[in-house]
Amino acid sequence: MMDWLREPGFFGTHATVGADLSQFMATLFTGLFVLGWFQARKRRADAHHWLMLGGMISMLSFFIAYYLFRQLGVLAFEGKEGFGGSQTLYDYVFIPVLTLHIILVMIGLVMAVYMIVLGFRSQQFVDGIRSLRESLLQTTWKKVGLILGGITVVVLGMFGSRVLTAGFSMRKFEVYLIFLLIVAFVFGIEMVIQRIWPNGGQRHRALGRFTMVIYCVLFVTGSFTYTMLYILYPGKIG
């Protein structure tokens, strides 16, 4: 499997199969989210629901593959050998864009899960037709603590399994820790936002627009790093 992923990709660039799969999956789930957003604007709730759910499954598949085979993708913090451009371009263009991309990846993943959960919580069926319920939708710090605790247990379990199979890595530990901090931050923001938009339907729409902006910028930065690594300035990895 690993040998196949290291073979030349199918887009005709200097990328590997793994990198091209990552770019394809990113395009797929971004497209599904955009289509789902347009369906929401047309008030086609069922189409919006299934497109977003499909996008979420695609996103999870993408990030699992991206993490497991990340040395085959656009993440090149391991060294400059993956980038064939100048040091100045690498330091002042590629790395800043890549850093922004990684930050948006973490925020976007958390927001995707949050928006799906919020959508389920705020939906209703009237005569078999799905719609957003325009009513009070709030949670408590106790519930937030229980959910955050459950997520922490799962994440620590995943990290523990990685340590057992691949050994301890401070960089991997930092990734898991940052993810948990972002999740905690999002929950904290939710407790503030639910005071601003106590209505579940309004909150879902407002945060949906914010999330779509994140995904659009995420796709642009991801495509930019892919283009620099595998088309404009291919290095030893590409």
Side-chain angles (χ1 to χ4, degrees), residues 1-2 5 18-19 21-22 25-26 28-30 32-33 52-78 98-122 137-194 203-204 207-208 210-215 217-219 221-222 225:
M1 181 65 174
M2 290 292 292
L5 288 171
L21 281 175
S22 293
M25 291 299 293
L28 176 63
F29 74 71
T30 302
L32 289 173
F33 282 132
M52 288 299 185
L53 192 59
M56 184 63 203
I57 294 173
S58 299
M59 173 177 265
L60 289 174
S61 300
F62 166 73
F63 280 111
I64 290 172
Y66 189 83
Y67 179 75
L68 291 177
F69 308 111
R70 66 194 183 95
Q71 68 272 24
L72 305 175
V74 298
L75 184 57
F77 275 149
E78 286 79 6
L98 180 60
T99 302
L100 174 62
H101 178 72
I102 294 172
I103 293 172
L104 292 177
V105 163
M106 293 185 287
I107 295 175
L109 182 60
V110 172
M111 287 305 300
V113 177
Y114 172 75
M115 290 303 298
I116 293 293
V117 173
L118 180 60
F120 275 108
R121 290 178 63 207
S122 59
L137 182 65
Q138 294 184 319
T139 190
T140 64
W141 282 109
K142 181 179 180 180
K143 290 182 179 179
V144 167
L146 290 173
I147 296 172
L148 183 59
I151 293 175
T152 301
V153 170
V154 172
V155 171
L156 290 178
M158 294 173 60
F159 177 70
S161 66
R162 292 289 295 176
V163 170
L164 291 176
T165 56
F168 178 81
S169 168
M170 181 56 69
R171 180 172 294 177
K172 291 187 177 66
F173 175 75
E174 290 172 354
V175 170
Y176 283 98
L177 179 61
I178 290 172
F179 175 78
L180 285 176
L181 291 175
I182 290 176
V183 172
F185 176 75
V186 170
F187 276 124
I189 293 296
E190 160 65 4
M191 297 303 291
V192 175
I193 289 178
Q194 72 179 9
R203 186 156 78 245
H204 186 78
L207 294 180
F210 167 77
T211 305
M212 280 311 306
V213 172
I214 292 293
Y215 288 137
V217 178
L218 178 60
F219 180 72
T221 55
T225 55

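Fair warning: this is a prediction, and the values are worked out from it, not measured in the lab.
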Among residues two or more places apart or on two chains, list those pairs meeting salt bridge (Lys or Arg N to Asp or Glu O under 4.0 Å) that have a residue in residues 150-160. none
Let me confirm one number: the CG-CD1 distance from Leu53 to Ile116, rounded to the nearest 0.5 Å. 5.5 Å
Non-neighbouring partners of Phe187 that pass ring-ring contact (aromatic ring centres under 6.0 Å, His included), sequence neighbours left out: none
Provide the closest heavy-atom pair for Phe33 versus Met56 in the form atom of the first, atom of the second, distance. CZ-N, 3.8 Å
Quick one: ring-ring contact (aromatic ring centres under 6.0 Å, His included) partners of Phe173, sequence neighbours excluded? Phe159
Taking all heavy atoms of Leu32 and all of Ser58, pick out the closest pair and write down the distance. CD1-OG, 3.7 Å
Distance-only donor-acceptor hits, side chain of residues 105-114, under 3.5 Å, sequence neighbours excluded:
from   : atom 1 : to     : atom 2 : distance (Å)
Tyr114 : OH     : Glu190 : OE1    : 2.1
Tyr114 : OH     : Glu190 : OE2    : 3.4

How long is the straight-line distance from CG of Leu21 back to CG of Leu28, given to the nearest 0.5 Å? 11.5 Å
Quick check for you: to the nearest 0.5 Å, what is the distance between Leu98 atom CG and Ile103 atom CD1? 10.0 Å
Please name all residues satisfying side-chain hydrogen bond (donor to acceptor under 3.5 Å, both in side chains) with Ser122, sequence neighbours left out, ordered by chain then number. none
Applying side-chain hydrogen bond (donor to acceptor under 3.5 Å, both in side chains), which residue pairs with at least one partner in residues 149-159 are found, sequence neighbours left out? none
Under the rule for side-chain contact (heavy atoms from CB on, under 4.5 Å), what residues qualify as partners of Ser161, not counting sequence neighbours? none
With sequence neighbours excluded, residues passing side-chain contact (heavy atoms from CB on, under 4.5 Å) with Ile193: Ile189, Trp197, Arg203, Leu207
Tell me, do Tyr215 and Met59 make a side-chain contact under 4.5 Å, heavy atoms counted? yes
Across all chains, not counting sequence neighbours, the side-chain contact (heavy atoms from CB on, under 4.5 Å) partners of Met191 are Thr139, Trp141, Val144, Gln194
Hey, are the side chains of Leu218 and His101 touching, using non-hydrogen atoms and a 4.5 Å cut-off? yes
Measure across Phe168 and Val163 and return the closest heavy-atom pair with its distance rounded to 0.1 Å. N-CG1, 4.1 Å
